[in-house]
Number of protein chains: 2
Amino acid sequence: MAKRSEGLPEKDRQERILDAVLHLLAEGGISAVSMRAVAREAGVSLGLVNYHYADKTRLIAAALRRIEAQDIALLEPDADLAPEERLRKALARVADPEFLTTAYLSLRLQLWALAQAHEEFEQINTDAQKRYRAELARLIRAARPELSRADAARRAADIDVVQNGLWLTALLGLDRRSIARSVERCVSIALE
Amino acid sequence: MAKRSEGLPEKDRQERILDAVLHLLAEGGISAVSMRAVAREAGVSLGLVNYHYADKTRLIAAALRRIEAQDIALLEPDADLAPEERLRKALARVADPEFLTTAYLSLRLQLWALAQAHEEFEQINTDAQKRYRAELARLIRAARPELSRADAARRAADIDVVQNGLWLTALLGLDRRSIARSVERCVSIALE
DNA sequence: CGGGGGATTGAACGATCGTCCAGACGCTCG
DNA sequence: CGAGCGTCTGGACGATCGTTCAATCCCCCG
């Protein structure tokens, strides 16, 4: 049973542990993520990390799966907008300073690097990417109902390429104007 | 003095050591790069690695600097083509299966991840990126002399974004057709 | 030939790694 | 109350890490 003594403002310990993993990963890469560093950052004992996550692989996998939700959430719109405006807003949101933080971008990059180095993490990553593209295609078809499913999927894939490049280039420190132009390019790909 | 006993087909030991670093980095990420693993992969003793590169940071920095040349070389054309054709060829080459290998892409990603985690490696990376973009702008202006220097630089930056996304997406396993479309997009950005 | 210096080796150091485990804590239920 | 159970702690294990170092090798020069 979860504790939930009502007086405690502190988050669930498992949450705190995953937060710590993501924070360390974004800050110093995978080499900065040791079981002890995670425990210290989360403010729990070393033993507890291994208690909740049997080994390091499972710990990192759990942390990675927690980023997925955040990525897909980028596409979730305020539902009361017209479909086209909803799509425009979703495409603009990837460049929103609120989401496009260094920490988030760095996290993304480390996730990709991990996926390239370990098969297990690669699966988590490709699954997330597939879900993201499907959701994007759905938004496009809502805004342009005359498109075939295949056409919408193709446009979603093209947008994904530019967005990946946009994220990556933002991380590497390009100026904001070329990012704005890239967002505009995504809009025109989506809406012709 | 370098040995260079003429009978030996084996490369310089320092070269072999850097090769080993890059191979391990591409294959298993930074966690796979230990001094011992590098020595084993290069077929030399552990001590020699530390003899040529005083510590691990300097070893990796030397390896990263060796990738730069390869990146810039992507833009170097056969000199006997017309400027526009030279540019088209350079832009197409980033998607050439000969360069777009998994090993090379993975290496690039690990480089970016490293740059994000350590200041020292970040400097190496941004320097290389700057040189790449300048060289690309030069090619564009050769093909379109009527463009101002600023316009050419702007186009080079836009192309860099799409190319980064192209590389990244190729690495993440997207289909070849969307890559081809992205190459075409780079061409039209460059030549209007 | 004898010596000097760069190249190369592998053993050894202390630190840190992931994992394991015996036990303590706090809570519920019979 | 006491037995049971999920939660949590920190010490201990062997493995591996980066680094250091004395000793050896090889080759050129005097």
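Every chain is numbered from 1 and lettered A, B, ... according to where its sequence line falls, protein lines coming before strand lines.
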From [options], nucleotide with atom closest to [X] side chain:
| X | options | result |
| --- | --- | --- |
| R13(A) | dC8(D), dG18(D), dG18(C) | dC8(D) |
| L46(B) | dT8(C), dT9(D), dA11(C) | dA11(C) |
| S34(B) | dG18(D), dA12(D), dC17(C) | dG18(D) |
| H52(A) | dC8(D), dT20(D), dT8(C) | dC8(D) |

Check the distance between [N]'s [atom2] and [X]'s [atom1] and give it to me in whole angstrom.
| X | N | atom1 | atom2 | value |
| --- | --- | --- | --- | --- |
| N50(B) | dC17(D) | CG | C1' | 12 Å |
| R58(A) | dG18(C) | CZ | C1' | 13 Å |
| K56(A) | dT19(C) | NZ | P | 8 Å |
| M35(B) | dA11(C) | CE | P | 17 Å |
| R16(A) | dC8(D) | CZ | P | 10 Å |
| I60(B) | dC17(D) | CD1 | P | 13 Å |
| L48(B) | dC25(D) | CG | C1' | 13 Å |

How do Q14(B) and A37(A) order along DNA chain C: which one's closest nucleotide is nearer the 5' end?
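By nearest-heavy-atom nucleotide position, the 5'-most residue is Q14(B).
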Residue whose nearest DNA chain C nucleotide is more 5′ - G47(A) or R40(A):
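Going by which nucleotide is closer to the 5' end, it is R40(A).
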Between R65(B) and E68(B), is a salt bridge (charged side-chain N to carboxylate O under 4.0 Å, His left out) present by the stated rule, with each step listed?
CA-CA 5 Å; R65(B) 264 186 286 268; E68(B) 294 188 15; over 6 Å; no
Does Y51(A) put a side-chain nitrogen or oxygen below 4.0 Å from OP1 or OP2 of dC8(D)?
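Checking dC8(D) against Y51(A), no side-chain N or O comes under 4.0 Å of OP1 or OP2.
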Before accepting this row, confirm whether a basic side-chain N of the pair E84(B)/R144(B) lies closer than 4.0 Å to the acidic partner's carboxylate O.
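Judged by the 4.0 Å cut-off on N to carboxylate O distance, E84(B) and R144(B) do form a salt bridge.
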Salt bridge or not for D55(A) and R58(A), using N-O below 4.0 Å?
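Salt bridge flag = yes for R58(A) with D55(A).
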Under a 4.5 Å cut-off applied to non-hydrogen side-chain atoms, are N125(B) and L114(B) in contact?
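A side-chain contact under 4.5 Å is absent here.
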Is L18(A) close to Y53(A) at the side-chain level, that is, under 4.5 Å between some pair of heavy atoms?
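In short, these two side chains touch, coming nearer than 4.5 Å.
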Nearest heavy atom decides the nucleotide; on that basis, is S45(A) or R36(A) closer to the 5' end of DNA chain D?
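Result: S45(A).
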Which part of the nucleic acid, if any, lies within reach of V38(B) when heavy atoms closer than 4.0 Å are counted: base, sugar-phosphate only, or nothing?
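No contact.
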